[in-house]
Amino acid sequence: MDLSVRIGSGTLPNPVGVASGTFGYGSEYEKLIDLSIIGALYTKAVTPEPRPGNATPRIIETAAGMLNSIGLANNGLAGFKTAKIPYLRTLPCPAVVNVAGSKGDDYAKVIEELAGEDCIWGWEVNLSCPNVKTGGLALGTDPTEVEQLTSRLRKLSSKPLIIKLTPNVTDITAIARAAESGGADAVSCINTLVGMVIDTKALRPVLPGKTGGLSGPAILPVGLAAVYRVARAVTIPVVGLGGITEADHAIQYLLAGAHAIQIGTANFIDPTVHQKVLDGIQAFAVLHNLQSIPDFHQFIE
Amino acid sequence: MDLSVRIGSGTLPNPVGVASGTFGYGSEYEKLIDLSIIGALYTKAVTPEPRPGNATPRIIETAAGMLNSIGLANNGLAGFKTAKIPYLRTLPCPAVVNVAGSKGDDYAKVIEELAGEDCIWGWEVNLSCPNVKTGGLALGTDPTEVEQLTSRLRKLSSKPLIIKLTPNVTDITAIARAAESGGADAVSCINTLVGMVIDTKALRPVLPGKTGGLSGPAILPVGLAAVYRVARAVTIPVVGLGGITEADHAIQYLLAGAHAIQIGTANFIDPTVHQKVLDGIQAFAVLHNLQSIPDFHQFIE
Amino acid sequence: MAHIVTSVLENRPVAQDYYELRMAWPSWAPAPQPGQFLTLRTVDGPVPLLRRPFAFSGFDRADSAASIIYQRRGHATTLMTAKRPFDPFDILAPLGNGFPDPKSGRRPILIAGGIGMGPMLFLAERLAQTPYPGILIIGARSAQYLPRVVLSRSVQTILCTDDGSAGRKGTAVDIAREEIRQEGCAPELYLCGPHGMLAAGHALAEELDAPSWVAMEQTMGCAVGACMGCVVRVHGGEEYARVCMEGPVFDSRTIIWT
Amino acid sequence: MAHIVTSVLENRPVAQDYYELRMAWPSWAPAPQPGQFLTLRTVDGPVPLLRRPFAFSGFDRADSAASIIYQRRGHATTLMTAKRPFDPFDILAPLGNGFPDPKSGRRPILIAGGIGMGPMLFLAERLAQTPYPGILIIGARSAQYLPRVVLSRSVQTILCTDDGSAGRKGTAVDIAREEIRQEGCAPELYLCGPHGMLAAGHALAEELDAPSWVAMEQTMGCAVGACMGCVVRVHGGEEYARVCMEGPVFDSRTIIWT
Ligand SMILES: Cc1cc2nc3c(=O)[nH]c(=O)nc-3n(C[C@H](O)[C@H](O)[C@H](O)COP(=O)(O)OP(=O)(O)OC[C@H]3O[C@@H](n4cnc5c(N)ncnc54)[C@H](O)[C@@H]3O)c2cc1C
Ligand SMILES: Cc1cc2nc3c(=O)[nH]c(=O)nc-3n(C[C@H](O)[C@H](O)[C@H](O)COP(=O)(O)OP(=O)(O)OC[C@H]3O[C@@H](n4cnc5c(N)ncnc54)[C@H](O)[C@@H]3O)c2cc1C
Ligand SMILES: Cc1cc2nc3c(=O)[nH]c(=O)nc-3n(C[C@H](O)[C@H](O)[C@H](O)COP(=O)(O)O)c2cc1C
Ligand SMILES: Cc1cc2nc3c(=O)[nH]c(=O)nc-3n(C[C@H](O)[C@H](O)[C@H](O)COP(=O)(O)O)c2cc1C
Ligand code: FES
Ligand code: FES
């Protein structure tokens, strides 16, 4: 079976990636697993300036999920270049740089400055981080803005450009279509859901920033519904994520119309999850005699 | 402590209600629990015409949650009048009729025809049911439509009018403000999240309607974030729900700014949950010397 | 219907993947009837979330005990296999309508398949104490799925397997057809098991112009009639009927078999 | 750091709400050092979801065994109390940096409170085998929280309680101050316990101009440095340091105590 996934000008060796913010830049996990089997490593978000991130605690468990409020903590562009690029050059799997910011210029700056780096396979544009105050709603909630930003970024690099969608919108298909019109090579969804937990003993929200992003098994059905709808609204590939902890979940995403998937929170729980998911996808393909990833899309209308 | 909750022209004896669609019309549970301790019983949705509901299965469990696709199954207005009104007259707690439909006229019709019934305490207008195809998005996703419909319904009855908000929107506070401007006495949130589960053995979505509504513990953080934000956007009372299975969760909602709460899915799991939640709220009030429900709102900014 | 927190008395394997769980039955609680079911909670936490429904497989007022027979399938039933005597057991019961008595002059033919064996054993034992005892036909895929240890000597029982590895070879409905022909009786059918078996039983009943009763299954939410989750399609005015309220036992002619 | 699926050897109560869990240690796995920790998974399912971190309280290469001491608090730790010998035990370990050796001529003063007792017992045993043994001071609210059964005869140990119900009356940091004054030594402080205790220990170190090491706690996601979840505020270029990577042991002067 051909496991490869074509996205724009690039090809991923297999459909199972690891999600931004849950896998660092790879080095953190290299002692635990073989990075060469990873289909795509989506880095922690990179912003133009360094960001210390939010106050603590930054993580709290919820029923079958977790809330995080990391706040795009990263070393900034300069730090990324000196501290991370040399490592990415040695990485045995494709590296997708997750790009973030509070305004369009931020995104443009990151891609412009990194566009020449051969060790970067492509971009994932995080328009949806609910942790950073961009004056209210996330950038990725308005189709017009998304289309404009996408076409601006499109001109800066010929590497695969993936727009990451937030589920916290009325109509995620409208945002996906805007990304497609703007020239995106793919969309990935979903980012975290806005959530909150209150400590009734301390009488305050657990997260100092009050709300955070909900991820993990709890959101699997939400991610699946989003991918199902988005895959029917655009013709570019869809990268599905949200709540995947086992092969069956990843297969659900592929059946729903995804061309690739990402594993996020589950990396924290089982470092071998990636291998298990990849094996499970292959076994499913053999069982149903599927030759390539698009063959997964034939079953569900 | 004064447990009562004032909403518009009415007063509820206590803040702990049972959510629409999870408690029928009350009779189903009367053998199991004392209905007189219920703060408000929100009925299953009533539509002008009878609806058989969706194909089966209608329910599937997810991680710490469940998806449902009941499809507003109900006897319609005429059936409601003959089969349910006589029972509601005997109900020892306030009955709030959950009103649904596929267009504005449907809602108006239900309220108009039932406005004279003394046994009805008030209305909860379900603008958010994701199960019914209203030509794409739910009615309650557009602020202008919500304001217009609310003011139309406002004129039909002086009973408390509660607009129930869907979480499947970009900015739930905009919808809440629209309901307030339209003359709503309160808003309730949240309804279910859109979700999907695929059966990888049968190679099809488990629910024949493909997507369904996600409820239960998994969505608690999403409901809390919504209530927290809505309570800061409007001056009318907010009724909080989503994922409450124990007193601590209900207290989180009250601390977040809710004046009352509803228990949904948890009724299926523990018929005594209502009593436990009410007891827990009272114990918390005693511990912190709170005199009335608004006193819960002093702790969190 | 009551919310009962009782305790496990015994939880033992009775066939491959099948277990019988006996629980103490408080004297104040209504007595379960054959065809009725309970819903139980396996854990206090949110996973598994929903109560799970199981039909009663026996009830003994003298012993103050009721029982179910369950198959290990997914998360909840796997957790159930770990229940030990004196573990608390949180149930809603008895739920649903139960099987009606046979019409006068009719010979009750009880047909059980897979997880449908519980209610059929219960009904068979009941009928054995009446002037109109039935024949119990239990079908399974093969020998190891037959619950030999729970069979009652006072019930006329026929075992059959799809692969012929024990009892007679054939489906329970086929064997029923043979028995009825041989006895030359006017039968009344009672069925519980997989959907296909119920449909075949209904077809047999039509063929013989006999009354027949089927215990239906559907994923449940509330199990008390409130959520409209557990419906099956039926003929007549209402398009759907609730398995937990109008059922689980239905006249097979009211069901829309598709 | 390795992903190890080992087995439980023993799981016994050692004080009220405190348990010691010993696990088999595979010979290929790196040896844990005092101050290092593991993260463990309590169930296969989604609740509790995240791995939980616990410091090593001992390691014995000869016995091929490592141990932790944990307090029953919430869901995961309650599930842990049910672990039995030979149950599988899924851990990531050893994680974090561990305590440094004392500077030459310094007297190690080990101060433990509550769930901080594990790593201090481990460190104390290690130092007892060196030319610079330490004094171990264990503080608890009252007598029943003192883990008497795990104390080692080869370690000079002082017990104290807030209410004076056992050992000396006072906080562990107060008792440390007294001991140091009495001995007239140049101390090096090692602390693990509640945040307030660590801050008080740091203040004492400043007072005495002594080096001091604190093992910090923070809610964790990955525990391998990838998620930036477990940070504490530190002085210097970077505003935050990760407890799981730069820690859990920090020079107390690098921490911003608020
Ligand atoms: C009225 C009724 C009587 C039943 N009687 C018996 C019995 O006597 N013995 C027996 O072994 N089984 C019986 N069942 C089936 C039993 O309820 C399921 O096998 C059990 O719920 C599976 O739970 P699980 O977590 O182990 O498996 P899961 O992995 O959750 O599911 C396995 C299968 O059970 C079904 N199921 C899951 N949740 C529910 C639910 N809440 N309601 C109904 N079905 C569900 C699923 O659709 C799936 O097909 C009965 C079901 C009904 C509706
Ligand atoms: C580096 C480190 C070493 C630790 N060593 C020990 C030890 O040796 N002995 C001991 O008893 N405890 C230790 N703890 C604390 C222990 O991890 C928590 O008590 C445990 O996670 C509680 O889990 P629970 O589900 O029982 O409780 P919960 O109800 O989940 O939480 C109870 C408390 O534990 C905290 N907690 C929950 N999840 C995590 C997490 N993933 N990471 C960190 N804290 C969490 C919560 O913030 C809360 O304050 C250590 C923590 C850290 C960070
Ligand atoms: C701790 C943490 C940090 C995250 N940081 C980022 C980030 O920097 N950029 C981004 O696009 N998404 C980030 N995410 C979102 C994940 O990439 C993913 O979209 C989300 O967690 C849903 O997938 P999951 O349920 O598999 O975790 C983060 C998620 C977590 C849990
Ligand atoms: C089976 C089921 C049926 C429902 N039917 C309705 C309905 O008819 N009208 C409505 O406004 N909400 C309906 N809801 C949504 C609930 O009232 C509630 O908003 C939602 O379930 C979240 O609360 P919970 O997590 O406590 O269940 C239904 C929910 C469930 C689970
Ligand atoms: S399960 Fe709710 S109506 Fe039957
Ligand atoms: S827990 Fe993820 S960086 Fe420390």
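Chain identifiers are assigned alphabetically (A, B, ...) following the order of the sequence lines, protein sequences preceding nucleic acid strands; residue numbering begins at 1 within each chain.
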task: May I ask you to decide whether D162(D) forms a salt bridge with R141(D), counting only side-chain N to carboxylate O separations under 4.0 Å?
output: no

Pair D251(D)-T254(D), side-chain donor/acceptor within less than 3.5 Å: no

message: Please classify the contact of Y25(A) with chain D as side chain, backbone, both or neither, using a heavy-atom distance under 4.5 Å.
response: neither

statement: Most heavy-atom pairs under 4.5 Å with chain A, out of P46(D), C230(D), C222(D), A223(D), belong to C222(D)

field: Which portion of M245(D) sits near chain A, non-hydrogen atoms under 4.5 angstrom
entry: neither

message: Does any backbone or side-chain atom of T22(A) lie under 4.5 Å from a heavy atom of chain D? Answer side chain, backbone, both or neither.
response: backbone

- prompt: Side chains of D270(A) and T245(A): is there a donor and an acceptor less than 3.5 Å apart?
  reply: no

field: Part of N75(A) lying under 4.5 Å from any heavy atom of chain D
entry: side chain

- prompt: With only heavy atoms counted, which part of L32(A) is less than 4.5 Å from chain D, the side chain, the backbone, both or neither?
  reply: side chain

query: Checking heavy atoms, do the side chain of T265(A), its backbone, both or neither come under 4.5 Å from chain D?
result: side chain

- prompt: Which word best sums up how the rings of Y190(D) and F99(D) line up, parallel for under 30°, tilted for 30 to 60°, or perpendicular for over 60°?
  reply: perpendicular

query: Are Y240(D) and N54(A) close enough that a side-chain donor and a side-chain acceptor fall under 3.5 Å?
result: no

message: Quick check for you: among V47(D), D90(D), V224(D), which has the greatest number of heavy-atom pairs under 4.5 Å with chain A?
response: V224(D)

field: Partner of M23(D) under side chain to side chain contact (heavy atoms under 4.5 Å, CB included), chosen from I68(D), N11(D), L40(D)
entry: I68(D)

- prompt: Taking every heavy-atom pair that is under 4.5 Å apart, which of V232(D), V231(D), T219(D) has the most such pairs with chain A?
  reply: V231(D)

task: Taking the side chain as every heavy atom from C-beta outward, state whether L88(A) and F80(A) have any atom pair closer than 4.5 Å.
output: yes

